[in-house]
Protein chains: 2
Amino acid sequence: MATSYQHQKAGDLNFLKRLNRSAILEMVRRVPGLTRSDIATQAQLTKATVGSGVQSLLNQGWLKEGELQKSSGGRPGRALHLNDDRHYLLGAEVGVHRLRLVACAPSGKVLEAHHEPFVPTSPESTASLVAELLQQLMRSPAVSNRENLGVGVALPGPIATGEAVLRRAPNLGWRDVRFLDLLHPHLPELKGVWLMDNEAKLAAFGELYFRTGKIPESLIYVSAGTGIGSGMAEGSHSPLLTRGVQGLAGEIGHTILQPGGLYCHCGNRGCAETLVSGWSIRANLGIDEKDDLIQALGSRLQEPDVKRTLRRAGEALGMLLLNLHHTQNPAEIVLGGSLTQLGSTFLDPALTYFEANQHRLLGTTERVPLRVVEDSTFVAARGAAAQVLARAIHGPELS
Amino acid sequence: MATSYQHQKAGDLNFLKRLNRSAILEMVRRVPGLTRSDIATQAQLTKATVGSGVQSLLNQGWLKEGELQKSSGGRPGRALHLNDDRHYLLGAEVGVHRLRLVACAPSGKVLEAHHEPFVPTSPESTASLVAELLQQLMRSPAVSNRENLGVGVALPGPIATGEAVLRRAPNLGWRDVRFLDLLHPHLPELKGVWLMDNEAKLAAFGELYFRTGKIPESLIYVSAGTGIGSGMAEGSHSPLLTRGVQGLAGEIGHTILQPGGLYCHCGNRGCAETLVSGWSIRANLGIDEKDDLIQALGSRLQEPDVKRTLRRAGEALGMLLLNLHHTQNPAEIVLGGSLTQLGSTFLDPALTYFEANQHRLLGTTERVPLRVVEDSTFVAARGAAAQVLARAIHGPELS
DNA sequence: GAGGGTATGTTCAAGCTCTTTACTTAGTTG
DNA sequence: CAACTAAGTAAAGAGCTTGAACATACCCTC
């Protein structure tokens with residue numbers, strides 16, 4: 001896996017070359033329009049090294065040259081840009097209620113996307129359907145003349161570091177599923193990077209990796225849907241995901257938020273999910289599992305018991321966010337998942353609680369930004385694509 | 001700082017050389033008695049590279065050769081060991097009630113240690129005292145003929161990544177203290193690595209870095225004393241600490257564990273510290289802040305209200321541990337701090353709760369080991385020394 | 001508009017590190 | 001004691017970064 005770690009960090013000259021090429025590529029990707037000179041300064045490399053590295057990346061089609069920049073007294077530098085037209089990445093998410101798929105350009109731009117309702121079935125038939133939908137995506141005109149770099153799959157459950165096994169997906173009823181092994185036979189022609197990972201972790205990765213401009217040094221994505229999960233990505237160069245030995249990192253839905261509280265489906269009492277989650281809201285308001293939660297509540301948002309339920313759930317979410325702040329202290333928190341569509345009745349209490357309490361310990365005014373994703377439909381699938389790109393860039397691909 | 005991250009990861013040939021030397025040194029440090037051939041296999045380097053690297057580390061006094069190993073059919077390899085007699089590291093901890101100092105050998109062996117009661121005073125006078133005690137340590141015969149590699153200081157409060165500033169230490173009444181800047185004038189002759197970091201984070205680092213044998217891929221240290229803090233170290237080669245942007249990572253004492261619960265000194269309600277911490281136990285049992293908590297309770301452990309208070313605090317601790325398990329999922333949890341001296345009345349409920357619930361999500365039998373440190377007096381100071389060693393090994397020191 | 005100034009980018013020999021290959025060393029085995 | 005095996009070493013060779021000189025492109029001034 002991406003953060004599966006090199007057992008010992010040692011390397012040869014080729015490793016060094018790749019390292020420098022990757023660094024150049026990442027820099028240009030993050031700051032479009034950088035010149036060779038800028039790169040040399042920031043990466044502490046010599047002009048000559050950068051020159052040859054850039055040349056090779058140009059030849060391979062990873063980079064392209066842009067316009068001459070304004071001169072600052074001497075010869076103007078030539079802007080460099082990521083070549084966004086040559087490659088593409090595939091990302092898929094197997095959700096509890098939907099399948100979502102994207103084909104992305106290296107910049108993160110979605111070239112082609114597709115989602116459709118999905119009734120949880122066996123891993124095998126799901127893999128077969130995912131493969132079919134991926135092939136449709138690959139045949140679409142927007143990507144057909146590009147080179148594929150690989151495919152990533154986001155799944156709703158814990159996946160341990162180093163092994164491509166979905167340990168358990170309670171909402172799908174799956175257990176110990178090697179999804180890539182099921183998918184691969186259907187797509188034998190698909191070369192490049194193959195990976196699978198937890199949905200919230202990939203979303204966190206994508207939100208950080210595809211960002212341009214000012215890049216936070218770490219980011220937590222909170223996925224609030226049927227259950228509550230989170231993922232943390234760290235490091236601006238090539239972010240690493242915190243997975244935990246068993247892949248349980250980020251399972252904040254099962255952190256205890258109310259000792260002696262209600263029983264959770266996991267068997268324990270007082271889990272955060274008993275206070276805030278799709279299923280707890282359904283249980284509180286008597287909404288059938290077959291009905292779409294958002295639609296069912298859309299017309300009832302003014303009812304007192306709905307308002308009260310959503311407000312309480314929102315407050316619990318705020319506490320969860322504060323707990324993340326005081327446990328992992330990311331530079332930014334991004335909130336996504338279907339529950340964010342419930343709007344301000346649900347979200348305001350969460351944001352308010354977090355804002356009111358995030359300064360308790362330091363008393364300073366510096367703020368950890370908390371952002372709600374506008375549309376989280378493809379966030380995880382796009383994050384899977386982001387991981388594919390990261391591995392392509394840092395893997396042996398660039399000669 | 002140690003995890004202050006290289007802005008861009010690029011390097012020259014010298015960087016590569018240092019990388020390989022560091023890798024060799026780490027491997028031998030972790031597995032004493034390794035041969036050149038073992039190293040070459042594990043690090044994927046050629047025999048020649050390893051040979052010259054080892055030679056240079058031998059010349060510099062980092063390594064020493066041991067006995068010939070048993071032959072496995074051919075020429076026997078020569079065992080390599082960390083030279084534990086040439087260098088030493090200094091670590092200090094400024095605690096709420098004590099100063100603790102150690103001088104360590106590179107293996108982690110404590111060569112000389114000292115602790116004494118400490119009445120919280122100004123940062124300046126504290127620095128002056130720490131400097132004096134460090135100098136006493138340096139004059140002791142056990143270290144006087146060794147070369148010093150640097151000094152590390154552990155402090156009870158958040159310290160952000162990249163800046164050596166103690167943001168706030170509520171239990172000392174300190175704020176924005178640049179402790180190293182205060183310490184340095186007193187010890188101008190002390191060259192090498194200088195660092196300061198949070199107490200629990202350094203303890204976590206030390207527990208992971210000085211371990212030999214089977215090394216967990218990540219470790220959380222929970223420091224249960226006046227307040228509750230934690231630190232997470234990750235990565236077996238050279239572990240990294242999770243600090244968080246503002247240094248608030250691991251401030252689990254201020255995660256919410258009881259919505260609407262008691263007010264905490266931080267101003268918020270329901271913090272874990274209101275349920276489990278030195279001060280909450282004092283408050284519950286009416287023990288004066290001037291008296292030593294452990295001594296005061298030592299004779300009262302059979303009293304019903306004491307037993308009840310400790311049991312409840314222990315249960316809360318168990319929930320905190322489970323929350324860490326479901327948020328960061330470390331490969332091992334180590335429990336330390338003065339409260340561990342309260343014994344089984346306090347600890348058993350915590351361990352029992354954790355054991356009973358850690359398998360909820362996966363249902364497997366693999367267990368995250370939870371260990372209580374026997375004597376946590378010097379754990380943080382030793383961790384500071386560990387960081388010094390790590391930076392010396394991975395810094396420019398080894399030519 | 002010609003010339004000096006300045007910063008960018010390129011070229012090429014030189015230097016350093018890892019690698020390859022052949023060889024030496026040290027112990028086992030029959 | 002000769003054949004075998006594996007560890008370690010030495011020296012030539014390959015590859016990447018470097019340093020210095022050079023070419024390029026624009027600005028500013030006269």
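Just so it is clear, the values below take in all heavy atoms, side chains as well, and ignore hydrogens, waters and symmetry mates. Throughout, protein chains are lettered first and strands after them, A, B, ... in sequence-line order, and every chain is numbered starting at 1.
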Quiz item: dT25(C), dT17(C), dT19(C): which one has an atom nearest the side-chain heavy atoms of T49(B)?
Solution: dT19(C)
Does [X] put a side-chain nitrogen or oxygen below 4.0 Å from OP1 or OP2 of [N]?
X      : N       : result
T46(B) : dC18(C) : no
K47(A) : dG9(C)  : no
R36(A) : dT10(C) : yes

Can you check the [X] [atom1] to [N] [atom2] distance for me, whole Å?
X      : N       : atom1 : atom2 : value
L34(A) : dA7(C)  : CG    : P     : 18 Å
L63(A) : dG9(C)  : CG    : C1'   : 16 Å
L80(A) : dT8(C)  : CG    : C1'   : 12 Å
L68(B) : dG27(C) : CG    : C1'   : 9 Å
N20(B) : dT17(C) : CG    : P     : 11 Å
N14(A) : dT20(C) : CG    : C1'   : 16 Å

Quiz item: What pairs with N83(B) under side chain to side chain donor-acceptor pair (under 3.5 Å), at least two apart in sequence or on another chain?
Solution: none
Practice problem: Could you pick out which residue, A48(A) or K70(A), lies toward the 5' side of DNA chain D when each is mapped onto its nearest nucleotide? | Solution: A48(A)
Quiz item: Earliest and latest nucleotide of DNA chain D, 5' to 3', sitting under 4.0 Å from a non-hydrogen atom of chain B?
Solution: dT5(D) to dT18(D)
Quiz item: Are Q60(B) and S56(B) close enough that a side-chain donor and a side-chain acceptor fall under 3.5 Å?
Solution: yes
Quiz item: Are the side chain of R78(B) and the backbone N or O of G66(B) linked by a donor-acceptor pair below 3.5 Å?
Solution: yes
Quiz item: What heavy-atom pair brings R29(A) and T212(A) nearest, and what distance separates the two atoms?
Solution: O-CG2, 3.9 Å
